[in-house]
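The next block holds one structure in the form of structure tokens; read it before the comments.
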Number of protein chains: 2
Amino acid sequence: MSTAEETAGGETSAWAEVTPDAARRLLIAAVEAFAERGYHATTTRDIAGRAGMSPAALYIHYKTKEELLHRISRIGHEKALDILRTAAHREGTPAERLADAVSSFVRWHAGGRTTARVVQYELDSLGPDARAEILALRRQCDAEVRAIIQDGVAAGDFDVLDVKGTTLAVMSLCIDVARWFNVDGPWTPDEVGALDADLVLRMVGAK
Amino acid sequence: MSTAEETAGGETSAWAEVTPDAARRLLIAAVEAFAERGYHATTTRDIAGRAGMSPAALYIHYKTKEELLHRISRIGHEKALDILRTAAHREGTPAERLADAVSSFVRWHAGGRTTARVVQYELDSLGPDARAEILALRRQCDAEVRAIIQDGVAAGDFDVLDVKGTTLAVMSLCIDVARWFNVDGPWTPDEVGALDADLVLRMVGAK
DNA sequence: GGCCACGCTAAGCGACCGCTCACCTTGGGC
DNA sequence: GCCCAAGGTGAGCGGTCGCTTAGCGTGGCC
């Protein structure tokens, strides 16, 4: 596949950068627990237990429970930004790049729903500093999508009333997938990605 | 105003049905606290404090903290359903009804962002029974929107590939407003409602 | 083989959680 | 004026939380 999807990656392979092994296992356990129950409802004992370790082992690799969420959020947002950047900077018309960006981004939210849920909805549980850092990454994501739409308008390929507002709506469509998508439901991530890409092209009035 | 917006109501007037007065004050305090910090990060002491009462007073009017979330969720979803029903059953073309439904629903999510946040994102904190009850209301909301789109397709006014998927996308656009909307931001709820209504008409290929 | 650094555990600390209970105040009926 | 129901409070219970500390096992280096 020559789209940006290859960077969407699998559910667990995305954490290869986290070392040593015990730290990665704890991080993956935390992602699962946060996605299922939410950050505040998850206990450090639960995380350690899922990783097959005692509660105290967590604090050898992470200073606090919040540091776990921070690391997860940063890695997740960097992945999201990577997906959008790859699509935005590839060859092709604005319509092709926008469709690639949306379908890849939606696929990531649907397929890696566990991670995406934590990344998109647990931001408010971070402290002010970490939160500000993550928000900066999020603004960069918006900017990538806005740039594609801007290009399409400049080239006369798109018909858009409000570029900023339409960008936000496109992001809404992608992000909200993490809220409702169900792996046991009637759609595959690919199908939702294709459908939403079509809908977004309609939203921007692509010729 | 002859749209469905009149049923969108104010932020606090929506809880007039809750009596006695102390129970309503506690409920409004809980809505604010849940919206700011999330259900699990909110303490019963915080809720009672916001309502100007001692921690024990909460348990005179509500059996548990979860009952508060349950009541909030049910009233909120009933309000959402009411807004969508009003728009779906009014006079007019499918396009007019869909635009009314989306703009009213978006206005409710933007203006009553505090309530909408709790209603849309704290569902998982409910127990299985309460959660099932709320999910039924949510399916009814989807059904109202789907019916409008179905009407438009049947009348030949809309051009839609996948009615069910498009319905979900429309709901995503509306609901996600509660995640990003900021009262200090550049838009009023009315403006976002109008923009999203336009985008939705494009999504369904309205003539 | 002695030794130490490292990764981990068992036990537990202080704080705070949801919730309860014994008691207090107050306003209306007779 | 007395009484009781309704609605409130202060204190606190049992439990669990995030996190710490003292000590244990083990693999690599000389």
Side-chain angles (χ1 to χ4, degrees), chain A residues 15-73 118 122-131, chain B residues 15-73 118 122-131:
Chain A
W15 311 108
E17 65 180 88
V18 181
T19 54
D21 183 70
R24 180 173 50 253
R25 269 162 45 221
L26 283 165
L27 198 99
I28 292 172
V31 170
E32 289 172 5
F34 292 163
E36 276 178 31
R37 311 201 215 288
Y39 175 78
H40 280 106
T42 298
T43 69
T44 54
R45 283 165 177 82
D46 181 29
I47 296 169
R50 285 173 190 249
M53 301 168 119
S54 78
L58 194 149
Y59 294 92
I60 296 165
H61 300 283
Y62 302 96
K63 238 170 56 189
T64 62
K65 176 178 156 187
E66 194 194 320
E67 190 191 325
L68 267 166
L69 179 59
H70 186 191
R71 300 261 314 246
I72 292 167
S73 286
V118 178
E122 299 291 344
L123 182 76
D124 289 340
S125 302
L126 287 171
D129 292 349
R131 181 194 159 108
Chain B
W15 310 108
E17 67 180 86
V18 181
T19 53
D21 183 69
R24 180 171 51 252
R25 270 162 46 218
L26 283 164
L27 198 101
I28 292 171
V31 170
E32 290 172 3
F34 291 162
E36 277 177 30
R37 310 202 216 288
Y39 175 78
H40 281 108
T42 299
T43 68
T44 54
R45 286 165 175 80
D46 180 28
I47 296 170
R50 285 174 192 247
M53 301 167 120
S54 77
L58 195 151
Y59 294 91
I60 296 165
H61 301 281
Y62 301 95
K63 239 170 54 188
T64 62
K65 176 180 156 187
E66 193 194 320
E67 190 192 326
L68 266 166
L69 179 61
H70 186 190
R71 300 261 316 245
I72 292 167
S73 286
V118 178
E122 299 293 343
L123 182 76
D124 289 339
S125 303
L126 286 171
D129 293 349
R131 184 193 158 109

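Across residues 49-62 of chain A, A/Met53, A/Ser54, A/Ala56, A/Ala57, A/Ile60, A/His61 each have a non-hydrogen atom less than 4.0 Å from an atom of DNA chain C (numbered order).
Scanning all heavy atoms of the two residues, the minimum distance from B/Ser54 to B/Ala48 falls at O-CB, 3.4 Å. Nearest heavy atoms, B/Glu66 versus B/Gly127: OE2-N, 2.8 Å.
Across the protein-nucleic acid pair, A/Asp21 atom CG and C/dC8 atom C1' stand 14 Å apart, rounded to whole Å. Nucleotide C/dT20 holds its C1' atom 15 Å from the NZ atom of B/Lys63, rounded to whole Å. Atom-to-atom, CD of B/Glu67 to P of C/dG18 comes out at 15 Å; the value is rounded to the nearest Å. Regarding A/Ile47, its CD1 atom lies at a distance of 17 Å from the C1' atom of C/dC8, rounded to whole Å.
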Can B/Leu58 and B/Met53 be said to form a side chain to side chain contact (heavy atoms under 4.5 Å, CB included), step by step?
-> CA-CA 8 Å; B/Leu58 195 151; B/Met53 301 167 120; over 6 Å; no
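Side-chain N or O atoms of A/Glu122 include none that pairs as donor or acceptor with a backbone N or O of A/Leu69 at under 3.5 Å. A donor-acceptor contact shorter than 3.5 Å links the side chain of A/Tyr62 to the backbone of A/Ala23. Judged by distance alone, with hydrogens and angles left aside, the side-chain atoms of A/Thr42 form a donor-acceptor pair with the main-chain N or O of A/Ala33 at under 3.5 Å.
Between chain B and DNA chain D, the heavy-atom contact criterion of under 4.0 Å yields a 5' to 3' nucleotide range of D/dG8 to D/dG12.
With sequence neighbours excluded, the residues that form a side-chain hydrogen bond (donor to acceptor under 3.5 Å, both in side chains) with A/Arg25 are A/Asp21.
Each of A/Arg45 and B/Arg45 was matched to the nucleotide of DNA chain C holding its nearest heavy atom; the match closer to the 5' end belongs to A/Arg45.
The side-chain heavy atoms of A/Tyr39 and B/His40, taken from C-beta on, include no pair separated by under 4.5 Å.
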